[in-house]
Amino acid sequence: MLSSTLSRPSVKHLISTCRDPQTLAQIHALVILTGSLSHPQSPGRLIAAYARLGDIAAAQSVFKTTSSHNVSTWNSLIIAQSRYNSPAEVLRLYHLMLSDGRVRPDSSTFTVALKACAQLSDLKTAEEIKTHAFGSGYKHDVFVCSSLLNLYAKCGKMDEAMKLFDEMPMKDLVSWTTMIMGFVNVGRPLEAIGIYRKMRAESMEGDEVVMVGLIQACAAMGDVRMGRSIHGHMIRRCMRMDVVAETSLVDMYAKNGSLELAHLAFERMHCKNVVSWSALISGYAQNGLASDALQMLVRMQECGLQPDSVALVSALLACSQIGFLKLGKTIHGYIEKRLEFDQILGTAVIDMYSKCGCLSSARSLFDRVGLRDSISWNAMIASYGAHGHGKEALSIFLEMSETGLEPDHATFASLLSAFSHSGLVEEGRYWFHLMLQKFGIEPAEKHYACMVDLLARAGHVKEAHELIKSMVIKPGIAVWVALLSGCHKHKTLELGEYVAGKVLELNPDDLGIHALVSNVFAAGKRWDKVGEVRKAMKKMGMRKVPGYSLVEVNGKLHAFLVEDKTHPQHEKIMEMLERLDYEMRKMGYIPKTEFVFHELEEDVKERMLCNHSERLAIAFGLLNTSPGTRIVIIKNLRVCLDCHVATKYISKIVNREIVVRDVKRFHHFKDGVCSCGDYW
DNA sequence: ATAGGGTTAG
C-alpha cells in the first residue's frame with residue numbers, strides 16, 4: 001500500500017525526465033511490475049516519453065497494447081505523429097479517434113489536427129474540424145484559433161484569417177505572429193508591418209519569432225534601413241539570437257544587395273547551419289557575385305557540412321553566370337549520387353548546361369527528369385531560344401501544352417523571345433495573337449519588346465511601330481530601343497530619328513543605348529544631335545562598362561578584360577591573333593570599325609578590335625587546348641559586328657566550333673558560319 | 001498527456 005502511493009509520483013517524474021530510450025524501457029518495465037500501468041495517465045505518459053525520445057515505434061506499440069484509451073493516450077500518439085512530420089497520419093488517427101466514439105477530442109487534438117491540415121493545405125478537412133471544434137465549445141480557444149489562422153495563411157486566404165483574427169476575444173503572441181507571417185508569406189509585407197504596429201499599440205511585445213517575420217517583410221520590401229533598425233532592436237532588447245533569426249538577417253541583407261552586411265552578420269552568428277550558409281551563397285549568386293558564392297560553397301564543405309539542394313541550386317546559378325561547366329558537371333554528379341532530383345534542382349541543372357553552352361546535355365537531362373512543372377518547361381523553351389533554335393522551342397511549347405500544363409506570361413516571353421532570336425516572324429505573329437485570344441494572357445512590356453524586336457529586325461519596321469501604337473500599356477524603353485535598332489539596321493532614318501527622340505525622353509542610363517541613338521543620328525547626318533547626345537553622356541558621367549570574356553580551359557576559368565596586356569601569355573596571344581588576322585585578310589576579311597565609338601585613326605581602331613576581350617579569350621583557348629576542342633566564351637556585352645565576322649573566319653581557319661554567349665544569346669560558330677545566321 | 005507562430009532555391 002505504502003510503496004504504491006510513494007512510487008506513483010516518482011514514476012511520473014522518472015518518465016518525464018528520462019533522457020534515453022534504454023532507461024525509459026527499464027522505467028516502462030517498472031511501471032508494468034508495480035501495476036502503475038493501470039493508472040489512467042500512465043500509458044499516455046509513456047507514449048509521449050517514447051515519442052519525445054524519437055522512438056515512434058515504441059510509442060505506437062504502447063498505444064496498441066493499451067486496453068482502454070483516453071484523451072491522453074490518443075493525444076500523445078497524435079502529437080507524436082505531428083512531431084514526426086506525418087500530417088496524413090495525424091488526420092488518420094484523428095478520424096480513428098472520432099469513430100472510436102468513446103473519447104472526445106479536446107483543444108490539443110483539434111489544434112494538432114488543424115496543423116496537419118495546414119501542412120497538407122487541406123481546407124476541406126479543416127472546415128470539418130473547425131465545425132466540430134467550435135461545436136465542442138472551443139470557438140474562443142486561442143490555440144484552436146491560431147491553428148486556424150495559420151491554416152488560412154498557408155492556403156493564401158488572408159481575408160478569412162483577418163476575419164477570424166478580428167473576432168478573437170483574446171489574442172496572444174502566437175496569434176499575432178501567425179498573422180504577421182501570413183501576410184509576409186502571401187507577399188503583403190506592408191500589411192504585416194501594419195499588424196505589428198497594432199500589436200505594439202496593444203502593448204504586446206514581439207519576440208524573436210515576430211522579428212523574423214518583420215525581417216522577412218523588410219527583405220521583401222527592399223527596406224534595408226528598417227531591417228537594420230529591427231536588427232538593432234533585437235540586440236537592445238537582448239532577444240535570443242538563434243540560428244533562424246540570424247539566418248533571416250543574413251538573408252535580408254543579402255537579398256537586397258548589402259552583401260557586406262550580410263557577410264558581417266554571417267560571421268558573427270553564434271551558430272551556423274546548412275541553411276545559413278545557403279542563404280549567403282544564394283545572396284552572392286543572386287547579386288552576380290559568382291565566385292564569392294562558389295568560395296562560400298567550398299567553405300561550407302570545409303566545415304564538414306553537406307551542401308543541400310538549396311545551396312547547390314545557388315551554386316549552379318553561379319556556375320551558369322560565369323560558364324563554369326566543369327564545376328557545374330561536378331555538382332550534377334554529386335546530385336546524382338547523393339540527392340534526389342526535384343523540379344527546382346532539375347531546372348537549375350538544365351539551366352546550367354544550357355547557359356554553359358551545352359544545349360544537348362540540357363535536353364537530355366530535361367528528358368530524364370520525370371516530374372516537370374511549368375518552370376522546367378519554360379527553362380527548356382528559353383534554352384532553345386537562346387541558342388537560336390526557335391522551331392525546337394515551339395515544339396517543346398506544344399509538347400508542354402499537350403501535358404495539360406497551362407502556359408503563362410513567362411512561357412510566352414520565352415517563346416516570343418525564341419522566335420525573335422530565330423527571325424520566325426510568321427510564328428511570332430500567330431502566337432502573339434493567340435496568347436491573348438486563346439490563352440487570355442494580356443501582353444506585357446516584355447512580350448511587346450520581343451515582338452517589336454522580331455518585326456523590326458526582319459524589316460517590318462512600320463508594322464512594329466503600329467504595334468507600339470496599339471499598346472494599351474505605356475510603351476517603355478525596351479520597346480522603343482527594339483524599334484530603334486530595327487530602324488538603324490534597315491536605315492529607316494526618318495522614323496529612326498523620331499524613335500531616337502522617344503528613347504532619349506525616357507532617360508536611358510545605358511551607354512549602349514546612347515551609342516545606338518548617336519549612330520542613328522549620325523546615319524542621318526544629324527551632327528547637331530550627335531553632339532547633343534555625346535554631351536549628355538559626358539554630363540551624366542557615363543562610362544563604358546569594360547568588356548570581359550571568360551573561357552574555361554582544362555577545367556579552370558580564365559578571364560580577359562578588353563585590351564588586357566597583363567596576361568602571362570599575352571605575347572603568345574597577340575602572335576596568334578596576328579597570324580589569324582593575316583589568314584583572315586587573305587580570305588577577304590575587312591575590319592568593320594563602325595562600332596568603335598571613338599574619334600581615332602583607322603589603324604588604331606583596327607588594333608582595338610583585335611583587343612576585344614573575346615578575341616583574346618579565343619586565342620588563349622586555341623593556344624591551350626588540343627585541336628578540335630570546342631571553345632566556349634562567356635561575354636558580358638554584346639558581340640560586336642567585327643568580332644562576329646572575325647570569329648566566323650577563325651572557326652574555319654582553325655577548324656573548331658567556337659561558342660560565344662553574349663548578353664543576349666548564343667552564337668555557335670562553325671565552319672565559317674554562325675548559328676544566328678547573322679541575325680542578332 | 002500536451003497543443004499553435006520562424007530560416008535558404010529554379
Side-chain angles (χ1 to χ4, degrees), chain A residues 12 15-16 40-49 51-52 59 70-80 82-83 105-115 118 138 141-151 153-154 172-182 184-185 206-216 219 242-252 254-255 269 272-283 285-286 307-317 320 342-352 369 373-376 378-379 382 410:
Chain A
K12 174 185 170 184
I15 293 175
S16 59
Q41 298 306 336
S42 289
R45 279 185 197 137
L46 280 168
I47 293 166
R52 181 166 47 82
N70 52 32
V71 183
S72 88
T73 54
W74 279 108
N75 281 359
S76 297
L77 190 66
I78 292 176
I79 290 159
S82 174
R83 289 228 193 107
D106 66 4
S107 163
S108 316
T109 325
F110 291 126
T111 300
V112 176
L114 286 169
K115 180 185 176 167
Y138 294 107
D141 186 288
V142 70
F143 277 80
V144 169
C145 286
S146 27
S147 305
L148 273 169
L149 293 181
N150 183 46
L151 167 92
K154 289 267 152 57
D172 68 358
L173 188 58
V174 174
S175 24
W176 285 103
T177 315
T178 308
M179 291 305 290
I180 293 172
M181 294 306 312
V184 169
N185 288 326
D207 66 357
E208 69 279 356
V209 182
V210 172
M211 295 305 128
V212 169
L214 298 181
I215 292 162
Q216 289 188 321
D242 60 18
V243 66
V244 176
E246 289 183 312
T247 301
S248 64
L249 282 167
V250 171
D251 178 60
M252 182 269 300
K255 268 207 175 75
M269 285 179 81
K272 303 178 179 87
N273 62 17
V274 176
V275 179
S276 9
W277 294 103
S278 295
L280 192 62
I281 293 171
S282 141
Q286 305 278 352
D308 63 352
S309 62
V310 183
L312 295 179
V313 164
S314 299
L316 284 164
L317 177 64
S320 307
D342 60 10
Q343 285 107 315
I344 298 179
L345 211 40
T347 308
V349 179
I350 289 167
D351 201 55
M352 181 277 296
V369 173
D373 60 12
S374 63
I375 303 178
S376 12
N378 207 8

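In this text, all values refer to a predicted model and were calculated from it rather than measured experimentally. Hydrogens, waters and symmetry mates are skipped; everything else that's a heavy atom, side chains included, is used. In what follows, every chain begins at residue 1, and chains take the letters A, B, ... in the order their sequences are listed.
Listed by chain and number, the residues in a ring-ring contact (aromatic ring centres under 6.0 Å, His included) with A:Trp74 are A:Phe63, A:His69 (sequence neighbours excluded). With sequence neighbours excluded, no residue forms a ring-ring contact (aromatic ring centres under 6.0 Å, His included) with A:Phe143.
Nucleic acid contact class of A:Ala48 (heavy atoms, under 4.0 Å, all strands): sugar-phosphate only. Counting any heavy atom pair closer than 4.0 Å across all strands shown, A:Leu316 reaches no nucleic acid atom. In this structure, A:Ile79 reaches the sugar-phosphate backbone alone: every heavy-atom distance under 4.0 Å involves primed, P, OP1 or OP2 atoms, never a base. Among the atoms of the strands shown, base atoms are found under 4.0 Å from some heavy atom of A:Val243. Among the atoms of the strands shown, base atoms are found under 4.0 Å from some heavy atom of A:Ser309. No engagement by A:Val144 is indicated, since no non-hydrogen atom pair under 4.0 Å with the nucleic acid exists. Across all strands, A:Ser376 comes closer than 4.0 Å to base atoms (heavy-atom distances). When heavy atoms are screened at a 4.0 angstrom cut-off, A:Asn70 is found touching no nucleic acid atom at all. Looking at heavy-atom distances under 4.0 Å, A:Asn75 makes contact with a base. Counting non-hydrogen atoms under 4.0 angstrom, A:Asp342 reaches a base of the nucleic acid. Within 4.0 Å (heavy atoms only), A:Gln343 reaches at least one base atom of the nucleic acid. Nucleic acid contact for A:Ala49: none, since no nucleic acid atom lies under 4.0 Å from a heavy atom of the residue.
In this structure, the separation between CG on A:Leu46 and OG1 on A:Thr73 is 11.5 Å, given to the nearest 0.5 Å.
In this structure, A:Met252 atom CE and B:dT8 atom C1' are separated by 15 Å, rounded to whole Å. Rounding to whole angstrom units, CG of residue A:Asn185 and C1' of B:dT8 are separated by 14 Å. Whole-Å rounding puts the A:Asn273 CG to B:dA9 C1' distance at 15 Å. Rounded to a whole Å, the CG atom of A:Leu148 is 14 Å from the C1' atom of B:dA3. Nucleotide B:dA9 holds its P atom 7 Å from the CD atom of A:Gln286, rounded to whole Å. Protein atom CD1 of A:Ile47 is 12 Å distant from nucleotide atom C1' of B:dT2, rounded to whole Å. Rounded to a whole Å, the CG atom of A:Asp106 is 13 Å from the P atom of B:dG4. In this structure, CG of A:Leu280 is placed 14 Å from P of B:dT8, rounded to the nearest angstrom.
For the OP1/OP2 pair of B:dG5 and a distance below 4.0 Å, the side-chain nitrogens and oxygens of A:Lys115 include at least one atom meeting the criterion. Taking side-chain N and O atoms only, A:Ser282 has a distance below 4.0 Å to OP1 or OP2 of B:dA9. Phosphate proximity of B:dT2 to A:Gln41: absent, as no side-chain N or O sits under 4.0 Å from OP1 or OP2. Residue A:Lys154 places at least one side-chain N or O under 4.0 Å from the OP1 or OP2 atom of B:dG6. Look at A:Arg83 and you'll find a side-chain N or O under 4.0 angstrom from OP1 or OP2 of B:dA3. A close approach under 4.0 Å does occur between a side-chain nitrogen or oxygen of A:Asn150 and OP1 or OP2 of B:dG5. Contact between the side-chain N/O atoms of A:Gln216 and the OP1/OP2 oxygens of B:dT7 is found at a separation under 4.0 Å. Taking only side-chain nitrogens and oxygens, A:Lys255 comes nearer than 4.0 Å to OP1 or OP2 of B:dA9.
For A:Val275, the listed nucleotide lying nearest its side chain is B:dT7; candidates were B:dT7, B:dG6, B:dA3. Proximity note for A:Thr247 (side chain, C-beta onward) versus B:dT7, B:dT8, B:dG10: the nearest is B:dT7. Here B:dT8 is the nucleotide among B:dG10, B:dG6, B:dT8 with the atom lying nearest to any side-chain atom of A:Asp251. Closest approach to the A:Val244 side chain among B:dT8, B:dG4, B:dG6 is made by B:dG6 (side chain taken as heavy atoms from C-beta onward).
Below the 3.5 angstrom threshold, one finds a donor paired with an acceptor across the side chain of A:Thr347 and the base of B:dG10. For a distance-only test at 3.5 Å, the side chain of A:Asp242 qualifies as a donor-acceptor partner of the base of B:dG6. Side-chain to base pairing of A:Ser248 with B:dT7: no donor and acceptor N or O lie closer than 3.5 Å to each other. Judged by distance alone with a 3.5 Å cut-off, no donor-acceptor contact links the side chain of A:Thr178 to the base of B:dG5. With hydrogens and angles ignored, no donor-acceptor pair under 3.5 angstrom links the side chain of A:Thr111 to the base of B:dG4.
With contacts defined as side-chain heavy-atom distances shorter than 4.5 Å, the pair A:Asp308/A:Ser278 qualifies. A:Ser309 places none of its side-chain heavy atoms less than 4.5 Å from the side chain of A:Ile344. Side-chain contact between A:Val250 and A:Ser276 is absent, with no heavy-atom pair separated by less than 4.5 Å.
The main-chain N or O of A:Ala254 is never found under 3.5 Å from a side-chain atom of A:Asp251 such that the two would form a donor-acceptor pair. In this structure, the side chain of A:Asn150 does not engage the main chain of A:Ala153 through any donor-acceptor pair within 3.5 Å.
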